[in-house]
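Structure record follows, encoded as structure tokens.
Protein chains get the first letters and strands the later ones, always in sequence-line order, with residue 1 at the start of each.
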Amino acid sequence: MDFYKRASFICINIPYGRVASYGQIARLCGRPQNARQVGYALKMGLLGDVPAHRIVNSNGFLSGAKSFENEYTQKNMLYSEGIDTDNSGKVNLKLFGWNVTTDEKLYFIDYFERNGI
DNA sequence: ATACTGACTAATC
DNA sequence: TGATTAGCCAGTA
């Protein structure tokens, strides 16, 4: 399986106004242990053109790494699509977390199978 | 081959 | 609750 191609496809499908966690993406790729690799791939730009600002950690905290222009870039991008962050710079996952339906999961798996990735 | 490193996480205290 | 910790694994040197 090509983990990064899978991750890329998942990221592209994160809906506008929603956030996903690294672990969540790894799980959807069929590799629940690879959360760190999702972060690595984003940092290195291995996923191509994906909405990286919609990816946060399992607590809802934004990336602390300086892959964005400045420390407010990601926060501003999220705010511009209606995603608020609290005073500690954390996203409320209950409100803005991406809730993936069973059908979507099946669709992703099928997509991977059909495209051999 | 060995030893870190890190956009991580779940468990534990 | 919040903080620490052990486990994780592809990359890199």
task = Answer with base, sugar-phosphate or nothing: what part of the nucleic acid does R54(A) contact at a heavy-atom distance below 4.0 Å?
result =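 Contact class for R54(A): none.
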
query = Looking for any heavy atom pair under 4.0 Å, which part of the strands does Y4(A) touch: base, sugar-phosphate only, or nothing?
reply =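 Here Y4(A) touches the backbone only, sparing every base.
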
Hey, are the side chains of [X] and [Y] touching, using non-hydrogen atoms and a 4.5 Å cut-off?
{"X": "L28(A)", "Y": "F112(A)", "answer": "no"}
{"X": "T73(A)", "Y": "N70(A)", "answer": "yes"}
{"X": "I12(A)", "Y": "S8(A)", "answer": "yes"}

ask   = Under the side chain to side chain donor-acceptor pair (under 3.5 Å) test, which residues partner S88(A), sequence neighbours left out?
value =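 Only D86(A) meet the side chain to side chain donor-acceptor pair (under 3.5 Å) criterion with S88(A).
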
request  = Tell me which of Q33(A) and K90(A) sits closer to the 5' end of DNA chain C, going by the nucleotide each one is nearest to.
outcome  =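 Result: K90(A).
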
Mind listing the side-chain donor-acceptor pairs of residues 43-69 of chain A below 3.5 Å, one per line with the distance, residues two or more places apart or on another chain?
from: H53(A); atom 1: NE2; to: E81(A); atom 2: OE1; distance (Å): 2.9
from: R54(A); atom 1: NE; to: E81(A); atom 2: OE1; distance (Å): 3.4
from: R54(A); atom 1: NE; to: E81(A); atom 2: OE2; distance (Å): 2.8
from: R54(A); atom 1: NH1; to: I14(A); atom 2: O; distance (Å): 3.0
from: R54(A); atom 1: NH2; to: E81(A); atom 2: OE1; distance (Å): 3.4
from: N57(A); atom 1: OD1; to: N59(A); atom 2: N; distance (Å): 2.8
from: N57(A); atom 1: OD1; to: G60(A); atom 2: N; distance (Å): 3.1
from: N57(A); atom 1: OD1; to: F61(A); atom 2: N; distance (Å): 3.1
from: S63(A); atom 1: OG; to: A65(A); atom 2: N; distance (Å): 3.1

task = Name all pairs fulfilling the salt bridge (charged side-chain N to carboxylate O under 4.0 Å, His left out) condition that reach into residues 11-36 of chain A, sequence neighbours left out, sorted by first residue then second.
result =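 As it turns out, there is no salt bridge (charged side-chain N to carboxylate O under 4.0 Å, His left out) pair with a partner in residues 11-36 of chain A once direct neighbours are skipped.
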
query = Do Y22(A) and Y40(A) pass the side-chain contact (heavy atoms from CB on, under 4.5 Å) test, and can you show the C-alpha distance, the side-chain angles, and the key distance before you say yes or no?
reply = CA-CA 10 Å; Y22(A) 303 91; Y40(A) 170 79; over 6 Å; no

Which donor-acceptor pairs under 3.5 Å do side chains of residues 93-110 of chain A form with protein atoms, sequence neighbours excluded?
from: T101(A); atom 1: OG1; to: E104(A); atom 2: N; distance (Å): 3.0
from: T101(A); atom 1: OG1; to: E104(A); atom 2: OE1; distance (Å): 3.3
from: E104(A); atom 1: OE1; to: T101(A); atom 2: N; distance (Å): 2.9
from: D110(A); atom 1: OD2; to: R114(A); atom 2: NE; distance (Å): 2.8

Detail all sub-3.5 Å separations between protein N/O atoms and N/O atoms belonging to nucleotides 4-8 of chain B.
from: dG6(B); atom 1: N9; to: R36(A); atom 2: NH2; distance (Å): 3.2
from: dG6(B); atom 1: N7; to: R36(A); atom 2: NH2; distance (Å): 3.2
from: dG6(B); atom 1: N3; to: R36(A); atom 2: NE; distance (Å): 3.4
from: dA7(B); atom 1: OP1; to: K43(A); atom 2: NZ; distance (Å): 2.9
from: dA7(B); atom 1: O4'; to: S63(A); atom 2: OG; distance (Å): 3.2
from: dA7(B); atom 1: N7; to: S67(A); atom 2: OG; distance (Å): 3.1
from: dA7(B); atom 1: N3; to: Y22(A); atom 2: OH; distance (Å): 2.6
from: dC8(B); atom 1: N3; to: R36(A); atom 2: NH1; distance (Å): 3.2
from: dC8(B); atom 1: N4; to: R36(A); atom 2: NH1; distance (Å): 2.8

inquiry  = With a strict under 4.0 Å distance from non-hydrogen atoms of chain A, what nucleotide opens and what nucleotide closes the contacted stretch of DNA chain C, reading 5' to 3'?
reply    =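 So the outermost contacting nucleotides come out as dG7(C) to dT12(C).
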
